[in-house]
There are 2 protein chains.
Amino acid sequence: MKFSKKSEYGLRALLELCETYGGRVLQRHEIAARQNIPVEFLEQILLALKRAGLLASRRGIRGGYTLIKSPEEITLGQVIRILDGPLAPISCVSKTAYQKCSDCPYATKVSCPLQEAMGVVRDAIANILDHYTLSRFALSKQAEGSYAHHDRS
Amino acid sequence: MKFSKKSEYGLRALLELCETYGGRVLQRHEIAARQNIPVEFLEQILLALKRAGLLASRRGIRGGYTLIKSPEEITLGQVIRILDGPLAPISCVSKTAYQKCSDCPYATKVSCPLQEAMGVVRDAIANILDHYTLSRFALSKQAEGSYAHHDRS
DNA sequence: ACATTTGTCTAGTGAGTTGCTCAAGAAGTC
DNA sequence: GACTTCTTGAGCAACTCACTAGACAAATGT
(Lines give C-alpha, C1' and ligand atoms only; values in the text may rest on other atoms or scores of the structure.)
Protein backbone atom coordinates (compact mmCIF):
# COMPACT_ATOMS: atom_id res chain seq x y z
CA MET A 1 0.00 0.00 0.00
CA LYS A 2 2.65 2.54 -0.88
CA PHE A 3 2.65 5.45 -3.25
CA SER A 4 5.59 5.46 -5.63
CA LYS A 5 8.49 7.88 -5.69
CA LYS A 6 7.04 9.11 -8.94
CA SER A 7 3.97 10.48 -7.19
CA GLU A 8 6.03 11.84 -4.36
CA TYR A 9 8.45 13.64 -6.67
CA GLY A 10 5.59 14.83 -8.83
CA LEU A 11 3.81 16.39 -5.92
CA ARG A 12 6.97 17.98 -4.58
CA ALA A 13 7.72 19.39 -8.02
CA LEU A 14 4.23 20.87 -8.22
CA LEU A 15 4.87 22.51 -4.90
CA GLU A 16 7.64 24.53 -6.53
CA LEU A 17 5.57 25.25 -9.61
CA CYS A 18 2.76 26.56 -7.42
CA GLU A 19 5.02 29.22 -6.03
CA THR A 20 5.80 30.68 -9.42
CA TYR A 21 2.28 30.20 -10.75
CA GLY A 22 1.33 33.16 -12.92
CA GLY A 23 4.93 34.33 -12.88
CA ARG A 24 8.08 32.94 -14.39
CA VAL A 25 8.80 29.44 -15.65
CA LEU A 26 10.91 26.92 -13.78
CA GLN A 27 13.52 24.70 -15.34
CA ARG A 28 14.01 21.03 -14.62
CA HIS A 29 17.29 21.56 -12.87
CA GLU A 30 15.89 24.30 -10.64
CA ILE A 31 13.08 22.09 -9.47
CA ALA A 32 15.39 19.11 -9.17
CA ALA A 33 17.92 21.06 -7.12
CA ARG A 34 15.40 22.59 -4.74
CA GLN A 35 13.48 19.40 -4.19
CA ASN A 36 16.44 17.10 -4.31
CA ILE A 37 15.16 14.93 -7.14
CA PRO A 38 17.26 13.20 -9.86
CA VAL A 39 16.89 15.50 -12.90
CA GLU A 40 16.43 12.87 -15.57
CA PHE A 41 13.77 11.08 -13.59
CA LEU A 42 12.00 14.32 -12.79
CA GLU A 43 11.88 15.05 -16.47
CA GLN A 44 9.70 12.02 -17.18
CA ILE A 45 7.38 13.08 -14.43
CA LEU A 46 7.05 16.62 -15.71
CA LEU A 47 6.39 15.31 -19.19
CA ALA A 48 3.63 13.06 -17.92
CA LEU A 49 2.06 15.98 -16.10
CA LYS A 50 2.35 18.02 -19.25
CA ARG A 51 0.64 15.38 -21.38
CA ALA A 52 -2.11 15.28 -18.80
CA GLY A 53 -2.66 18.99 -19.30
CA LEU A 54 -1.42 20.34 -15.98
CA LEU A 55 1.78 21.89 -17.24
CA ALA A 56 2.99 23.85 -20.22
CA SER A 57 6.59 23.99 -21.34
CA ARG A 58 8.91 26.00 -23.52
CA ARG A 59 12.19 24.95 -25.01
CA GLY A 60 15.31 26.97 -25.53
CA ILE A 61 17.31 29.21 -23.32
CA ARG A 62 14.39 30.92 -21.62
CA GLY A 63 12.49 27.65 -21.45
CA GLY A 64 11.05 25.69 -18.58
CA TYR A 65 7.75 24.53 -17.13
CA THR A 66 4.71 26.38 -15.80
CA LEU A 67 1.48 25.39 -14.17
CA ILE A 68 -1.26 25.81 -16.71
CA LYS A 69 -4.18 25.35 -14.31
CA SER A 70 -4.74 27.13 -11.05
CA PRO A 71 -3.64 25.32 -7.88
CA GLU A 72 -7.25 25.53 -6.78
CA GLU A 73 -8.33 23.33 -9.66
CA ILE A 74 -5.74 20.63 -9.25
CA THR A 75 -6.18 17.91 -6.65
CA LEU A 76 -3.71 15.44 -5.25
CA GLY A 77 -5.99 12.69 -6.51
CA GLN A 78 -5.59 13.84 -10.10
CA VAL A 79 -1.84 14.00 -9.84
CA ILE A 80 -1.49 10.61 -8.22
CA ARG A 81 -3.75 8.97 -10.78
CA ILE A 82 -1.64 10.42 -13.57
CA LEU A 83 1.61 9.19 -12.09
CA ASP A 84 0.63 6.08 -10.20
CA GLY A 85 -2.58 4.84 -11.78
CA PRO A 86 -5.87 4.21 -9.98
CA LEU A 87 -6.21 4.77 -6.25
CA ALA A 88 -8.30 1.68 -5.58
CA PRO A 89 -6.60 -0.87 -3.31
CA ILE A 90 -7.86 -3.74 -5.47
CA SER A 91 -8.91 -3.41 -9.06
CA CYS A 92 -12.39 -4.86 -8.65
CA VAL A 93 -13.38 -1.72 -6.72
CA SER A 94 -11.79 0.82 -9.04
CA LYS A 95 -14.06 3.34 -10.68
CA THR A 96 -11.44 4.44 -13.17
CA ALA A 97 -9.95 1.03 -13.97
CA TYR A 98 -12.43 -1.63 -12.96
CA GLN A 99 -11.48 -5.22 -13.57
CA LYS A 100 -13.48 -8.23 -12.55
CA CYS A 101 -11.29 -10.45 -10.40
CA SER A 102 -10.82 -13.74 -12.20
CA ASP A 103 -10.09 -16.07 -9.31
CA CYS A 104 -12.42 -14.75 -6.64
CA PRO A 105 -15.28 -17.17 -5.87
CA TYR A 106 -17.58 -14.21 -5.14
CA ALA A 107 -17.01 -12.64 -8.54
CA THR A 108 -20.23 -14.17 -9.81
CA LYS A 109 -22.20 -13.67 -6.59
CA VAL A 110 -24.29 -10.66 -5.64
CA SER A 111 -21.84 -9.43 -3.07
CA CYS A 112 -18.18 -9.93 -2.25
CA PRO A 113 -16.89 -9.25 1.26
CA LEU A 114 -13.58 -8.00 -0.02
CA GLN A 115 -15.22 -5.71 -2.50
CA GLU A 116 -17.45 -4.41 0.25
CA ALA A 117 -14.57 -3.58 2.56
CA MET A 118 -12.18 -2.29 -0.06
CA GLY A 119 -14.89 -0.16 -1.58
CA VAL A 120 -15.16 1.68 1.68
CA VAL A 121 -11.42 2.20 1.76
CA ARG A 122 -11.28 3.41 -1.82
CA ASP A 123 -14.11 5.87 -1.18
CA ALA A 124 -12.31 7.23 1.83
CA ILE A 125 -9.02 7.67 -0.02
CA ALA A 126 -10.65 9.17 -3.09
CA ASN A 127 -12.71 11.49 -0.96
CA ILE A 128 -9.67 12.91 0.72
CA LEU A 129 -7.38 13.06 -2.26
CA ASP A 130 -9.93 14.36 -4.75
CA HIS A 131 -10.78 17.25 -2.48
CA TYR A 132 -7.25 18.05 -1.44
CA THR A 133 -6.22 20.89 -3.75
CA LEU A 134 -2.70 21.87 -4.63
CA SER A 135 -3.23 25.26 -3.05
CA ARG A 136 -4.14 23.67 0.25
CA PHE A 137 -1.22 21.32 -0.21
CA ALA A 138 1.21 24.20 -0.82
CA LEU A 139 -0.21 25.99 2.18
CA SER A 140 1.36 23.60 4.63
CA LYS A 141 4.78 24.71 3.46
CA GLN A 142 4.69 27.60 5.93
CA ALA A 143 2.84 26.46 9.03
CA GLU A 144 0.36 23.92 10.30
CA GLY A 145 -1.26 22.23 13.25
CA SER A 146 -2.15 18.59 13.58
CA TYR A 147 -4.97 16.63 12.07
CA ALA A 148 -7.56 13.94 12.81
CA HIS A 149 -7.27 11.32 15.50
CA HIS A 150 -4.32 9.08 15.55
CA ASP A 151 -4.57 5.35 15.15
CA ARG A 152 -1.72 3.16 14.17
CA SER A 153 -0.73 2.47 10.61
CA MET B 1 -1.57 1.86 -4.10
CA LYS B 2 -2.58 -1.77 -4.27
CA PHE B 3 -2.90 -4.42 -1.66
CA SER B 4 -1.06 -7.62 -2.49
CA LYS B 5 -2.54 -10.97 -3.40
CA LYS B 6 -1.16 -12.16 -0.11
CA SER B 7 -3.52 -9.93 1.82
CA GLU B 8 -6.38 -10.76 -0.46
CA TYR B 9 -5.83 -14.50 -0.14
CA GLY B 10 -5.27 -14.20 3.57
CA LEU B 11 -8.55 -12.42 4.09
CA ARG B 12 -10.43 -14.85 1.89
CA ALA B 13 -8.89 -17.75 3.79
CA LEU B 14 -9.97 -16.24 7.07
CA LEU B 15 -13.47 -16.01 5.68
CA GLU B 16 -13.55 -19.79 5.50
CA LEU B 17 -11.96 -20.20 8.91
CA CYS B 18 -14.58 -17.92 10.39
CA GLU B 19 -17.30 -20.30 9.31
CA THR B 20 -15.87 -23.23 11.19
CA TYR B 21 -14.76 -21.14 14.17
CA GLY B 22 -15.29 -23.14 17.35
CA GLY B 23 -15.95 -26.25 15.29
CA ARG B 24 -13.73 -28.39 13.14
CA VAL B 25 -10.35 -27.60 11.65
CA LEU B 26 -9.81 -26.78 7.99
CA GLN B 27 -6.99 -28.11 5.89
CA ARG B 28 -4.93 -26.11 3.45
CA HIS B 29 -6.36 -27.86 0.44
CA GLU B 30 -9.94 -27.33 1.57
CA ILE B 31 -9.42 -23.63 1.94
CA ALA B 32 -7.44 -23.48 -1.25
CA ALA B 33 -10.09 -25.31 -3.22
CA ARG B 34 -13.01 -23.30 -1.92
CA GLN B 35 -11.31 -19.96 -2.32
CA ASN B 36 -9.44 -20.83 -5.46
CA ILE B 37 -5.99 -20.09 -4.09
CA PRO B 38 -2.72 -21.90 -5.00
CA VAL B 39 -2.16 -24.32 -2.10
CA GLU B 40 1.55 -23.82 -1.61
CA PHE B 41 1.21 -20.08 -1.58
CA LEU B 42 -1.71 -20.24 0.80
CA GLU B 43 0.45 -22.27 3.14
CA GLN B 44 2.92 -19.41 3.62
CA ILE B 45 0.06 -17.11 4.37
CA LEU B 46 -1.49 -19.43 6.93
CA LEU B 47 1.89 -19.88 8.59
CA ALA B 48 2.36 -16.13 8.84
CA LEU B 49 -1.06 -15.78 10.41
CA LYS B 50 -0.21 -18.58 12.77
CA ARG B 51 3.05 -16.95 13.85
CA ALA B 52 1.10 -13.78 14.44
CA GLY B 53 -1.15 -15.64 16.84
CA LEU B 54 -4.39 -15.69 14.89
CA LEU B 55 -4.37 -19.36 13.97
CA ALA B 56 -3.55 -22.67 15.58
CA SER B 57 -2.65 -25.79 13.65
CA ARG B 58 -2.32 -29.52 14.02
CA ARG B 59 -0.29 -31.90 11.93
CA GLY B 60 -1.10 -35.42 10.85
CA ILE B 61 -4.09 -37.02 9.32
CA ARG B 62 -6.69 -35.15 11.33
CA GLY B 63 -4.72 -31.94 11.11
CA GLY B 64 -5.51 -28.49 9.78
CA TYR B 65 -5.95 -24.90 10.87
CA THR B 66 -8.35 -23.15 13.22
CA LEU B 67 -9.03 -19.61 14.24
CA ILE B 68 -7.67 -19.10 17.71
CA LYS B 69 -9.21 -15.69 18.35
CA SER B 70 -12.82 -14.71 17.90
CA PRO B 71 -13.77 -13.01 14.63
CA GLU B 72 -14.90 -10.07 16.75
CA GLU B 73 -11.36 -9.49 17.96
CA ILE B 74 -9.63 -9.63 14.61
CA THR B 75 -9.64 -6.63 12.33
CA LEU B 76 -8.78 -6.37 8.67
CA GLY B 77 -6.10 -3.88 9.64
CA GLN B 78 -4.31 -6.45 11.78
CA VAL B 79 -4.40 -9.04 9.03
CA ILE B 80 -3.18 -6.69 6.32
CA ARG B 81 -0.33 -5.45 8.50
CA ILE B 82 0.77 -9.01 9.13
CA LEU B 83 0.75 -9.92 5.46
CA ASP B 84 1.52 -6.66 3.70
CA GLY B 85 3.32 -4.52 6.23
CA PRO B 86 2.33 -1.02 7.32
CA LEU B 87 -0.75 0.66 5.90
CA ALA B 88 0.87 4.07 5.54
CA PRO B 89 1.13 5.31 1.95
CA ILE B 90 4.60 6.70 2.60
CA SER B 91 6.88 5.57 5.35
CA CYS B 92 7.42 8.98 6.93
CA VAL B 93 3.80 8.91 8.12
CA SER B 94 3.75 5.36 9.41
CA LYS B 95 3.03 4.83 13.10
CA THR B 96 4.20 1.23 13.04
CA ALA B 97 7.22 1.62 10.76
CA TYR B 98 8.24 5.26 10.73
CA GLN B 99 11.24 6.22 8.66
CA LYS B 100 12.51 9.72 8.12
CA CYS B 101 12.64 10.39 4.40
CA SER B 102 16.22 11.00 3.45
CA ASP B 103 15.83 13.09 0.32
CA CYS B 104 12.87 15.29 1.25
CA PRO B 105 13.85 18.93 1.78
CA TYR B 106 11.15 19.29 4.44
CA ALA B 107 12.52 16.45 6.52
CA THR B 108 14.32 18.92 8.76
CA LYS B 109 11.57 21.55 8.74
CA VAL B 110 8.67 21.81 11.16
CA SER B 111 6.11 20.64 8.67
CA CYS B 112 6.08 18.75 5.39
CA PRO B 113 3.16 19.16 3.00
CA LEU B 114 3.37 15.57 1.87
CA GLN B 115 3.48 14.31 5.40
CA GLU B 116 0.47 16.46 6.20
CA ALA B 117 -1.60 15.09 3.34
CA MET B 118 -0.52 11.50 3.60
CA GLY B 119 -1.05 11.53 7.32
CA VAL B 120 -4.69 12.28 6.71
CA VAL B 121 -4.92 9.42 4.24
CA ARG B 122 -3.20 7.02 6.57
CA ASP B 123 -5.52 7.96 9.42
CA ALA B 124 -8.54 7.40 7.23
CA ILE B 125 -7.37 3.99 6.06
CA ALA B 126 -6.31 2.87 9.51
CA ASN B 127 -9.57 4.08 10.99
CA ILE B 128 -11.60 1.98 8.63
CA LEU B 129 -9.45 -1.10 8.63
CA ASP B 130 -8.72 -1.19 12.34
CA HIS B 131 -12.41 -1.08 13.16
CA TYR B 132 -13.52 -3.49 10.48
CA THR B 133 -13.80 -6.84 12.27
CA LEU B 134 -13.64 -10.24 10.66
CA SER B 135 -17.18 -10.96 11.82
CA ARG B 136 -18.49 -7.93 10.00
CA PHE B 137 -16.36 -8.90 7.05
CA ALA B 138 -17.76 -12.42 7.00
CA LEU B 139 -21.25 -10.99 7.30
CA SER B 140 -21.25 -9.63 3.81
CA LYS B 141 -20.99 -13.17 2.47
CA GLN B 142 -24.77 -13.45 2.58
CA ALA B 143 -26.26 -10.04 1.82
CA GLU B 144 -25.50 -6.34 1.80
CA GLY B 145 -26.49 -2.93 0.57
CA SER B 146 -24.20 -0.20 -0.73
CA TYR B 147 -21.98 2.18 1.16
CA ALA B 148 -20.80 5.76 1.30
CA HIS B 149 -20.88 8.24 -1.55
CA HIS B 150 -19.16 7.41 -4.73
CA ASP B 151 -16.27 9.37 -6.11
CA ARG B 152 -13.87 8.06 -8.67
CA SER B 153 -10.83 6.03 -7.85
C1' DA C 1 7.09 -50.27 13.85
C1' DC C 2 5.96 -48.15 9.78
C1' DA C 3 3.55 -46.02 6.10
C1' DT C 4 0.59 -42.25 5.30
C1' DT C 5 -1.07 -37.82 5.93
C1' DT C 6 -0.87 -33.71 7.37
C1' DG C 7 1.70 -29.16 8.71
C1' DT C 8 6.73 -26.55 8.85
C1' DC C 9 10.62 -24.43 6.98
C1' DT C 10 13.91 -22.69 3.59
C1' DA C 11 15.18 -21.60 -0.71
C1' DG C 12 14.55 -20.72 -5.45
C1' DT C 13 12.60 -18.62 -9.61
C1' DG C 14 10.38 -16.23 -13.60
C1' DA C 15 7.88 -12.20 -14.66
C1' DG C 16 7.05 -7.72 -13.84
C1' DT C 17 7.78 -3.16 -11.57
C1' DT C 18 10.55 0.69 -9.73
C1' DG C 19 13.72 4.10 -9.92
C1' DC C 20 16.61 5.63 -12.32
C1' DT C 21 20.40 6.69 -16.56
C1' DC C 22 21.82 7.64 -21.36
C1' DA C 23 21.83 9.30 -25.81
C1' DA C 24 20.04 11.32 -29.85
C1' DG C 25 16.90 14.78 -31.53
C1' DA C 26 13.76 18.92 -31.91
C1' DA C 27 12.65 23.56 -30.86
C1' DG C 28 13.50 27.74 -29.04
C1' DT C 29 16.99 32.06 -28.09
C1' DC C 30 20.92 35.12 -28.95
C1' DG D 1 24.28 28.72 -36.24
C1' DA D 2 25.84 27.88 -31.66
C1' DC D 3 23.84 27.11 -27.40
C1' DT D 4 20.37 25.94 -24.33
C1' DT D 5 16.51 23.99 -23.05
C1' DC D 6 12.73 20.47 -23.56
C1' DT D 7 11.39 15.70 -25.93
C1' DT D 8 11.51 10.93 -26.95
C1' DG D 9 12.89 6.38 -26.50
C1' DA D 10 15.52 2.89 -25.02
C1' DG D 11 18.03 0.52 -21.53
C1' DC D 12 19.11 -1.42 -17.04
C1' DA D 13 20.20 -2.96 -12.24
C1' DA D 14 17.79 -4.00 -8.18
C1' DC D 15 13.86 -5.31 -6.13
C1' DT D 16 9.28 -7.19 -5.30
C1' DC D 17 5.47 -10.32 -6.30
C1' DA D 18 3.32 -14.51 -6.79
C1' DC D 19 4.34 -18.69 -6.77
C1' DT D 20 6.92 -23.50 -6.77
C1' DA D 21 9.86 -27.25 -4.89
C1' DG D 22 11.73 -30.07 -1.72
C1' DA D 23 13.34 -31.72 2.55
C1' DC D 24 11.68 -32.38 7.13
C1' DA D 25 8.69 -33.01 11.45
C1' DA D 26 4.81 -34.59 13.82
C1' DA D 27 0.40 -36.87 14.22
C1' DT D 28 -2.53 -40.81 13.02
C1' DG D 29 -4.02 -45.54 11.45
C1' DT D 30 -2.99 -50.46 11.07
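Labels below follow one simple rule: chain letters A, B, ... track the order of the sequence lines, proteins then strands, and each chain is numbered from 1. FYI, side chains are in, hydrogens and waters are out, and symmetry mates aren't considered; it's all heavy atoms of this structure.
When all heavy atoms of B:Arg122 and B:Val93 are compared, the closest pair comes out as NH1-O, 2.6 Å. Closest non-hydrogen pair, B:Cys92 versus B:Tyr98, comes out as O-CE1, 3.1 Å. Between B:Ala56 and B:Ile68 the shortest heavy-atom distance is CB-CD1, 3.8 Å.
The interatomic distance linking A:Lys50 (NZ) with D:dT5 (P) rounds to 17 Å, in whole Å. A:Glu40 has its CD atom 6 Å from the C1' atom of C:dT21, to the nearest Å. The interatomic distance linking B:Ile37 (CD1) with D:dA18 (C1') rounds to 13 Å, in whole Å. A straight line from CZ of B:Arg28 to P of D:dA21 spans 13 Å, rounded to a whole angstrom. Taking atom NE2 of residue B:His29 and atom C1' of nucleotide C:dT6, one finds them 10 Å apart after rounding to whole Å. For the pair A:Met1 CE and D:dT16 P, the interatomic distance rounds to 18 Å; values are reported in whole Å. Counting to the nearest Å, the C1' atom of D:dC17 and the CD1 atom of B:Ile45 are 12 Å from each other. The interatomic distance linking A:Phe3 (CZ) with C:dG19 (C1') rounds to 18 Å, in whole Å.
Among D:dT20, C:dC9, D:dT8, the nucleotide with an atom closest to any side-chain atom of B:Phe41 is D:dT20. Side chain of A:Ser4, nearest nucleotide from C:dG7, C:dG19, C:dC30: C:dG19. The side chain of B:Gln27 lies closest to C:dT6 when the candidates are C:dT6, C:dG19, D:dA10. For B:Pro38, taking side-chain heavy atoms from C-beta onward, the closest of the listed nucleotides D:dT8, C:dT8, D:dT20 is D:dT20. With distances taken from any side-chain atom of B:Glu43 to the nucleotides C:dC30, D:dA25, D:dG22, the minimum falls on D:dG22. Looking at the side chain of B:Arg51, the nearest of the listed nucleotides D:dT7, C:dC30, C:dC9 is C:dC9. Relative to the side chain of B:Arg59, the nucleotides C:dT6, C:dG19, D:dT7 differ in distance, and C:dT6 lies closest.
In terms of position along DNA chain C, the nucleotide closest to B:Gly64 lies nearer the 5' end than the nucleotide closest to the other residue of the pair A:Ile61 and B:Gly64. Of the residues near DNA chain C, B:Tyr65 and A:Arg62, the one whose nearest nucleotide (by heavy atom distance) lies more toward the 5' end is B:Tyr65. Along DNA chain D, the nucleotide nearest to A:Gly63 and the one nearest to B:Lys5 differ in position, and the one closer to the 5' end is contacted by A:Gly63.
Between the side chain of A:Gln44 and the base of D:dT8 there is no donor-acceptor pair of N/O atoms closer than 3.5 Å.
Under 3.5 Å, the side chains of A:Asn36 and A:Tyr9 contain no donor-acceptor pair of N or O atoms. Judged by distance alone, the side chains of B:Gln35 and A:Tyr106 do bring a donor and an acceptor atom under 3.5 Å apart.
Taking side-chain N and O atoms only, B:Tyr9 has a distance below 4.0 Å to OP1 or OP2 of D:dC19. For the pair B:Ser57 and C:dT8, the criterion of a side-chain N or O lying under 4.0 Å from OP1 or OP2 is met. The side chain of A:Lys6 places no N or O atom within less than 4.0 Å of a non-bridging phosphate oxygen (OP1 or OP2) of C:dT18.
Between B:Asp84 and B:Lys2 there is no salt bridge, since none of the side-chain N atoms of the basic residue sits less than 4.0 Å from a carboxylate O of the acidic one.
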